[in-house]
Structures are given as C-alpha cells and as structure tokens.
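Here is the structure we will look at, set down as structure tokens.
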Amino acid sequence: MSATRFSESVSGSIRDGVLVVIIANAPVNATSAHVRQGLVKALDHASAVGTVIGVVITGAGRTFVGGADIREFGKPPVEPTLPEVMQRIENCSKPVVASVNGAALGGGCEIALACHGRVAGEAASFGLPEVKLGIVPGAGGTQRLPRLIGTVAAIDLIGSGRTVRPDEAIKLGLVDGVAADHLAAAVGLVHQLAGQSQRRTGLLDVPIAELAAVEAASKKVLSRSRGQSAPAEAVRLVRLASERTFRDGLAEERATFLRLRDSNEAAALRHVFFAERQAGKVDKLEGIAPRRIETVGIVGTGLMGAGIAVAALTAGYRVVGIEQTEDAATKGRERIAGILDKAVQSGRLAATVRDGCLARLAVAANIGELAAADFVIEAVFDDLAVKTELFQRLDGIVRPDAILATNTSYLNPDEIAAATAHPGRVVGLHFFSPANIMRLVEVVDCKATAPDVLASALAFARKLGKLPVVSGVTEGFIGNRIFSAYRREAEFMVEDGAAPEEVDAALEAYGFPMGIFTVYDMAGLEIAWARRKRQAATRDPNARYVEIADKLCEAGRFGRKTGKGWYDYASGEKAVDPEVTALIAAARAAKDISPRRFTVDEIVDRLLRAMADEGAALLTEGIAARSSDIDLVMINGYGFPAHKGGPMFAAETHKDITP
Ligand code: 3HC
C-alpha cells in the first residue's frame, strides 16, 4: 500500500486498486482551502494513473466533513471554490464514492451528493444545516439533493436544516448502503461501478412531485421561519431544480449563497454558532476534572422538578425524586411518566427508551433515599427559608462528596450555601420551564463554589443536552436581570403613551415569538407582583416606578389562566380590553403624563437599548463572562430572535440600535 500526500490535510493510499482519499483537517474536517486543493489534486492523480480504478473519499476521526470553513466567510475567496471541487468530483471519468464515517454536513453533505455513490457508516449523519447559519447551501446542495431524494423531502431537509441518521438516509435514497465497515463497502462499490457510465447526480431528472405536497412542505418551512430570509430562499432554490436546467440552478444557488453570506442575518447566526461553542468554557477550570455523577436526586417533583427528572432520565442518569408525602410521591412519579408518555406519543422518544427511563426512576417520600445521590437538585418553592432548611437537612443525609444544586430563580444562592456545612459543594442551576424542553441552563458560580463542583455542574448540564451559561450571583442572574430591565422599559413606554398591543406587535415584527405583555399573561402576573411587594420597602423612592401591573393584579387580572391580564381572553382568543386601556389612561392621568405616539422603530430601539445597557452592567460587574453569553441567554430563555444575534450583538454592531 503506497501513501500520497495531496495537501496538508488530504492524503491518499491505494486499496484494491482504489485511491482512498482521507480528509484530515481537525477539528471537523471543514473544507478549508487546502482541503479543496488537496481533493482536486487527488482527483487529478486518480485520473492520471492508469492502475487506479476509482476513488473513495472519507474523513479522519469522528467527522466526515463538517462543511465549509465558517471562519473563512468574509475573507477573500481562494481557488478552487467548493462548487468547482464538486464539478470535478461529479465529472470524474472514474467512479468516486463517499465513505461517510461521521457527520456529513453542509459542504460535507454536498461532497457526498456530488459523488457517484454513497456508503454510510453506522455513525454517519447527513444534513444541510446552512439555513441555521442564515445562508443556503452554496455548492450544489439545493440542486443535487432534490434530484436524488425528490423535491418534497429536499424542501424538508434543506428548509429545516435537520440532520438524518443512516436508517432515514437509506429510506430517502440519500445513500446507497449502510455498512459497519463502510470503507470496505465503498471500495467494493467502486469496483462495481468501474467501467460503467457513472450516475452523475446533476444529470438526473428531478422526480415528479405532486404540487400540493410541494406546497405543503414549503408552507411548513415558511411557517417556522418568521423574519428570516434563508429558509424561504432555500425553498425557492429547491423548487427551481425542477423548473430550470442544472446549470442555471447552480448559478442561481451560488448568487443567493453569496448574497446571504454577507447579510446581517448570517453574521448574527454565525455569531450565535460560535457563541454556543464558547459558552460554558471557564478559564479557571482548565484541567479540572468533573466529579462522577450517576445518581441524581431531585427534591420536589412539581412541574419544574418533573421536567428536570425527565431531562436527567433521558440522558441516562438514575433519578431519585423526593416528595413530602407518599401521595405526593405517587403523583410526582405519574407526572414524570406522563411527560415521558407524551414524548413517546409524539414520536420524540422510543417506547423502549421510556421503559428504560422508568426503570431508573424512584420517587419516595423518604428524604433519606438521597444518601445514594451524587448530585442533588432542589426544585422546591422559591423561598429562602424553605431552601436553606432543606440544604441544612441534606448536609446530614448526602455523602460528603455529593453536590447540592439550587434551582432558584431569584434568591441569593450564596446565602443558601453559607447556611450549609460545606458551602464549596453548592452551585446554582437555573433551569427554564419546561425543563425537559428548554435548552438554556444558567449555572450559577457562587462565592464558595469549588472549581470541580462548577466543572461537574457544567458537565452535567451538557450531558442533559442543555446549553449551560455561567452566571455570577445577582438578583435574577443574567436572564431575569435583563428581562426586568426590558420589562421596566416596556412599562415606561406604556405609561408614556404606547399601547401594550403596540409594544407586542413591534416585538413580534422584530422576530420575538410573542410580545412581552403576552408573555406576561402566559406566565401569570402574581409571582412578579408578590416580589414587587416584598421589594417595596427597599425600592429607591426616586426611581421611576410604573404601577399599572400592580393595578391589574389588584383588579384580579393575573393573566391568561384567570381569563384576563394585560389582555382579555373571554372569547378564548387574546383581545385588547377597554378596561385595561382605561386603567392605563387613569395611571397616566394620575401622573399628569400626556400620552404621545411611539413608532415601531422607537419601541424596538428603546427595548434593545435597555437590554444591552443592562448586559453591559452585568459584564462590568463580572456577572457574565462574555457578551455572547448574554446573547445566548436572551435567545434561548426569552425568545430573542437568533437571527438578530442577541441584544449585545445587535448593540455592538449598531445594526438595530440607532445612535
Ligand atoms: N467551520 C469552522 N469551524 C467549525 C465548523 C465549520 N464548519 N464546524 C465546527 N467548527 C469548530 C467549532 O467552532 C469548534 O471550535 P472550538 O473548538 O474552537 O470551539 C470545533 O470546530 C468543534 O465543534 P463542535 O464543538 O461543534 O464539535 P462537535 O463534535 O460537537 O460537532 C459538528 C461537530 C456536528 C460538525 C458541529 O461542529 C457542527 O454542526 N458544525 C457546523 C456544521 C455546519 O453548519 N456546516 C455548514 C457550514 S456552511 C457550508 O457548508 C456552506 C456550503 O454549502 C458552501
């Protein structure tokens, strides 16, 4: 076997007369310039050497090819471009087969599509996730995929950016075979194809699809892509594949890709991509190993506790839930089982996985059962005395090396920790409800938290599939502090003349799934009211305070569940309520405020500025480590549109905030 190096990242060796080309460009084998150059040289070599019957392309390590090198975006282009490489693969006179060892994403999937055959290993996955980066596939994906799997399936995959595993890929016709030894199978396929005329994807006809099915698939993508342009462009391009020649389709795809790549939307989503990979990285934890966690204790199996239990169970942990009475324990177990059942019914979870989860679950009324736990999370009533007393009790029950996490939203976890015998083992874990669904977890690094405890909490959150963001201790941590500033500003504008429905409409037009007053009504107004009452004595008397929310609560308007809040829900639908309009008018009159009009832009600018200013304060105070963490919190916990990059990104780039 002879080995040839085609570039710093591409090498090849001969196996049974086939040139096996390996792309080794850590960490994810992205198609950087030297990968593209190496691939072209490898194809040249295969064409020139008479004894080589064909080519297999595979990736080194866990990934096939993770796509174009996102870090190259915005830099001057270097030849050959990725579309040129695809043409070279597709036009090669000898068979070229992709041996897909791991993730084949974006440009990586496009390489596989351009090959004459595709064999997937068991760890392979395929996807064109470009829309998640605010772009469309730019190297033939929108034109080749529909030719292979049909327009409807291609709209679904490219429009959603979702990834498929080998079993689905084979059903779709995306791959020719799945094999544990994918390399041997790919070499075998080259032998089968050698000497025949090759099946060039770009020359295939797009299978005829029913217009109604195409329309339905398009509609589904568009309905989920509020305010973003990439998904709509992706759908347009896929549909173009059956309307125009391959060549025209490729040209239109490339032009669209280049235009979107330079858009604000793509810059924002790239920022989010790298922000997610930065999140939870803490310099001081370099080299610190997390503790081993196998059994998770959860005190309180209400809505929050049950959600956390489901997240831990589906991640493979053993879970011990604790309630105060046998009856509550039975109900807690039923609640957890109910969430798992729902996931099975909706197809998100296999029934066998649910059964495995239930076998690892125990819910008891005896707190002594927590002696077995490595990591205990409390999800009890958010009251300092309740939580402190619980942690003091746990001191006498859990092992000395067990970790105690508090899921408080607003209390000071330093105070809870200080009341325990070993404050170093206390950490905050602020989940968002429903905890089995919401990705964000604020991991609160308390004054005394030991480094390996913080490292363990981060590793635990990651194993749950969550996005952990580290926060220092402050009232409401990162998210609720910014949310409070944002809510305050919204109420100032309402007091000054904006209607709540105008504020909501402006936010929804910006890309929030729901305006702030609608969110309020969904969540219920009474908890924030109780907090405001508690804080009333210590509030700065000179600070501006808007009483409208208090007045709504005094009138029994606690939000959707009581049929009325900022809006009225008597008809089942949200409606503007003249009673609220009158109540707001009276509040303005009481302060001698003559209402003025607000434009949509002014509303959005003021709210963004309020968030960004509070974020800047969090950075100055050292509560947040980096502004991108703040963006992630607001995107994943509070509905800030990802395609705007988060409030800090919007402020830094001055794209959305007028000076
Ligand atoms: N370009 C540049 N860097 C990339 C990258 C890419 N396409 N994909 C990942 N990286 C970097 C990450 O930033 C991270 O860097 P860091 O260590 O400095 O933080 C490192 O690679 C490892 O990434 P992950 O932590 O995400 O590694 P995982 O093993 O968890 O996941 C993966 C691997 C599934 C490949 C995941 O990284 C991923 O989804 N990558 C992005 C895939 C993608 O969106 N591809 C499309 C790109 S656009 C394109 O191809 C356009 C084309 O159509 C022309």
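Looking at heavy atoms from C-beta onward, N436 lies in side-chain contact with I339 at the 4.5 angstrom threshold.
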Quiz: residues 162-169 side-chain donor-acceptor pairs under 3.5 angstrom, not counting sequence neighbours:
| residue | atom | partner | partner atom | Å |
| --- | --- | --- | --- | --- |
| R162 | NE | D156 | OD2 | 3.3 |
| R162 | NH1 | E168 | OE1 | 3.2 |
| R162 | NH1 | E168 | OE2 | 3.4 |
| R162 | NH2 | D156 | OD2 | 3.0 |
| R162 | NH2 | E168 | OE2 | 2.7 |

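Note on ring orientation: taking the six-membered ring where Trp is involved, the planes of Y520 and F517 are tilted (angle from 30° to 60°). Aromatic ring orientation, W529 versus F558: tilted (interplanar angle from 30° to 60°).
Other residues, nucleotides and ligands contribute over 12 non-hydrogen atoms within 6.0 Å of the CZ atom of R544. The number of heavy atoms from other shown groups lying within 6.0 Å of NZ (K342) does not exceed 12. Heavy-atom contacts from other residues, nucleotides or ligands closer than 6.0 Å to CD of E243 number more than 12. In this structure, R596 places its CZ atom where more than 12 heavy-atom neighbours from other residues, nucleotides or ligands lie under 6.0 Å away.
Smallest separation of non-hydrogen atoms from P647 and M611: CB-CB, 3.8 Å. Among all heavy-atom pairs drawn from I635 and G645, the shortest one is CD1-C, 3.9 Å. Considering all non-hydrogen atoms of both residues, A312 and L464 come closest at CA-CD1, 3.9 Å. Of all the heavy atoms in R147 and T245, the pair that sits closest is NH2-C, 4.3 Å.
The pair D550-R532 meets the salt-bridge criterion, since a charged nitrogen lies less than 4.0 angstrom from a carboxylate oxygen.
Looking only at distances, a side-chain donor or acceptor of N407 sits under 3.5 Å from a matching main-chain atom of F431.
Cation-pi geometry between R277 and F273 is met: under 6.0 angstrom from the ring centre, within 45 degrees of the axis.
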Side chain to side chain donor-acceptor pair (under 3.5 Å) evaluation trace for R236 with T256: CA-CA 10 Å; R236 180 180 68 83; T256 311; 3.2 Å; yes
Worked verdict on Y638 versus F432 for ring-ring contact (aromatic ring centres under 6.0 Å, His included): CA-CA 10 Å; Y638 299 84; F432 288 71; 5.6 Å; yes
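Of the inter-residue distances, the one linking Y410 atom OH with H430 atom NE2 reads 7.5 Å to the nearest 0.5 angstrom.
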